[in-house]
Amino acid sequence: MTDTDDHRDEAGASWPARLHSLWLAAQDVRNVEDMALHVYGAMLGEDGVTAVTGTRWNGRELRYLRRATRESQSVTTTASQRAAATRREPPAADRGRAGGRPVVHVHDLAEPTPEFEPEAAVLREAGARYAMESRFRLGESDWGAFSVGLARRPDGAEDLAARLTQLSEVLVASNRRITESRAHEQRQVEDAFLAEASLQMDASLDAQETLARVARLAVPAVAEGCAVHLFGDDGALTPVASAHVAAAAQPWLAGLARDDLWFAERLHEVVRGREGTVLTGEDLAGSPFGPGTEGLGRAVLAVSVSPLRARGRALGTLTFVYHRGEEAVASPRLLDDLARRAALAIDTTTSYEQRRRHVEQLQRHLLPTALPEWPAAELCAAYEVADSSLEVGGDFYDAVIDHDGRLAVVIGDVCGRGAEAAAVTGLARHTLRTLLEDGTPPARALERLNTILIGQSTSRFVTAIAAVLAPETGGGCAVQVSAAGHPPPLVRRADGRVEEVQVAGLFLGVVAENELEPTSLVLAPGDSLVMFTDGLTEARSASGVFFEELLRDAVRDYAADPGGPAADLVARMSEFRATGSDDTAVLIAHVKGTR
Amino acid sequence: MRSTVNPEADTEPGARRIDRSSILVVEDNLEDAEAIERALRHTHPEVRTEFTTRGTGVVDMLLTREELPGLILLDLNMPGLSGHAVLAAIRARPELAGVAVVVFTSSTAPAEVDACYAAGADSYVYKPVNFTLFRTVLKGAVDYWQESHTGSSGPSGSQPSAGEAEG
């Protein structure tokens, strides 16, 4: 690429000026081979230099040889080959440094020079009689040699040796800069990828969808293909997501992920060994991948498998399929980090799903499956779970017909949420139900529950209402109500008037001596007893108004529609509510008949 | 010594010439188009890129050409004719079967991916926010489709259907 004019300029300038411009160029160059072209030109400008060679080595393997001569100004590159065992390498790099100082050697090309092949042969061919070689280390096994062919013996050629050294230093420095900038760029890409992957993992609480998104993101950012396997309920590794950059290759990869035995064995090895693996070349023998296979797998040059582990448990594996070479395989840092993040995301989503199932199951046990049929009154109930939480709520209600044929109804609220609140809720509901079924008056039943709660020394307190309805001979019901720290129930008369039932009593589970007074009232045909928990009254609108202020109107107007007045009340509250999302229970007993 | 790269044009019997070193970008967002241009200039300086901001008329424009781009990078969300519609229109023309269509979009939603594949996209590539990653992803997709047409190394891409008629 150095054309003749350029070269003449370089040759015409003073050596320090030329060297300075090369150092400047080294700051900007993207690839060390481009830099070498400038450097070759500079050396060809020296007196007596007939040809220049540059070689790049990986241990004993020659990666390339390039030669430039004064006549042609052209650079020819020879592809990689193995060197003779006699070829000398530069000394190891200085401690703590990737590169090393260039070391200059002079060779007499009339003699056999096995330590300087294949350059010696190339320079001889270009008419050189002597050679001066500068060897320098670029990395652990990466090294190079920059050599000039000379027409005459380099006597008193201190100057030339110094210049060869200086130019080699430019090459070492520009190589280091390029290596560092590539590593920096690679790290940036990895960090950006991990950040995007984390965002994708947050996008859904569904494990399968999360993994499908991550697999999609990873191709072609990390590799051409990606497959994720998780342990299923049966303990077998099952493919849950796969993606390939080519639409046409997706069914192929998904099929291998599902059915290929070689693939399955590698995954199990990684799960057992708990360490990620990268398979290339010979490792792929017997696999559906690599140049030895037919079809789509032919283009695959490497496969990496990383274990997915969270909280000490093996969850599955993350596999990448690379059509690029081994050197393009993602770094262990990226693979480990991605696998760790994915495993955490899976762990979070699966435990979320599990917990939600447990909550649902538990909640079902805390409420009656069906309300009893009772001749004198109809019952309806509604229950709304605060949806922003996974905790089990503490609201409960129940209804039971006692041994004398009376209807006993209960509503209550255990303070707090979670497992302990759920346990207390179960205890309260079943205690009250059993006592009321046996004919215990409501006030006594609540007092007994109080004693039990005190005995349990739980930190949870309970509010509740218990009421017993007895049919009157002339129609309607006589009602005994007792309340413990609970919002007073309302009575809705058949004509729509709404009255608050006067009840008072301290909540349960706090003081040992808690004597409760019953209140008696009569419900005429068409009247209703409306009981609810504080989730209903404490719902607030955006302007800060409590639903309690609207409750009487809502009860007066509630629809006796098929959904039932209880559901209607809850729906009205829900619509009104802007803040406050406690659980809400409503239980309504409507006395049959008309006055 | 710098030589101009020969366009790796391959000719399928009965089909239009396809220039594998030419890419058509259909992208209405100018910032994204600029990013694609900048990224490709860095990773594939030999590739010729052509930009259009509208999906409307893309197919008609291609049908007037004797030489087709090897790859179309297609944005999904565009005013006027959407990316989905452009994709469907391209795949409805057997003359364009040899052109690889890469959907390049900011969604990873599985439903969106499935819809694009069903409509005949050759690749569905997520468009990351970070530019360096954006460049890496774009390079991965372009390399893949260029490799896959340079002989044995890659899977065969979309084959022109014209050859099949010869039996």
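By convention in this document, chain letters (A, B, ...) are assigned in the order of the sequence lines, proteins followed by strands, and residues within each chain are numbered from 1.
- Side-chain atoms of B:Y126 and B:T105 form no donor-acceptor pair, as typed in the model, at a separation below 3.5 Å.
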Check: Run the side-chain hydrogen bond (donor to acceptor under 3.5 Å, both in side chains) check on A:R341 and A:S198 step by step: do they pass?
Finding: CA-CA 7 Å; A:R341 290 179 198 221; A:S198 286; 2.8 Å; yes
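- At a cut-off of 3.5 Å, with distance as the only test, no side-chain donor of B:T53 or B:E27 sits close to an acceptor on the other residue.
- Within the 4.5 angstrom heavy-atom criterion, no atom of A:E190 approaches chain B.
- Nearest heavy-atom pair across A:A257 and A:P239 is O-CG, 3.8 Å.
- Only the side chain of A:Q200 comes within contact range of chain B, with at least one heavy atom under 4.5 Å from a heavy atom of that chain.
- Closest approach of A:H244 to A:A249, counting heavy atoms only: ND1-CB, 3.4 Å.
- For chain B, the nearby parts of A:A221 are the backbone and the side chain; heavy atoms of each come within less than 4.5 Å.
- Using a 4.5 Å cut-off between heavy atoms, B:A141 contacts chain A through both its backbone and its side chain.
- Other residues, nucleotides and ligands place no more than 12 heavy atoms under 6.0 Å from the CZ atom of A:R187.
- Partner of B:L24 under the side chain to side chain contact (heavy atoms under 4.5 Å, CB included) criterion, out of B:T49, B:V101, B:L73, B:V58: B:V58 alone.
- With A:R298 contributing its side chain and A:P291 its backbone, the two residues share a donor-acceptor pair below 3.5 Å.
- Aromatic ring centroids of A:Y40 and A:F146 lie under 6.0 Å apart.
- Residues B:D60 and B:R65 are not paired through a salt bridge, judged by the lack of any N-O separation under 4.0 Å between the basic side chain and the carboxylate.
- In this structure, chain A has heavy atoms under 4.5 Å from both the backbone and the side chain of B:V129.
- Interface residues of residues 106-120 of chain B toward chain A, defined by a heavy-atom distance below 4.5 Å and sorted by number: B:T108, B:A109, B:P110, B:V113, B:Y117.
- Of the N and O atoms on the side chains of B:D143 and B:H44, at least one donor lies less than 3.5 Å from an acceptor on the other residue.
- When the heavy atoms of residues 130-138 of chain B are compared with those of chain A, the residues falling under 4.5 Å are B:N130, B:T132, B:L133, B:R135, B:T136, B:V137, listed by number.
- In the displayed structure, B:R54 atom CZ is contacted under 6.0 Å by at most 12 heavy atoms of other residues, nucleotides or ligands.
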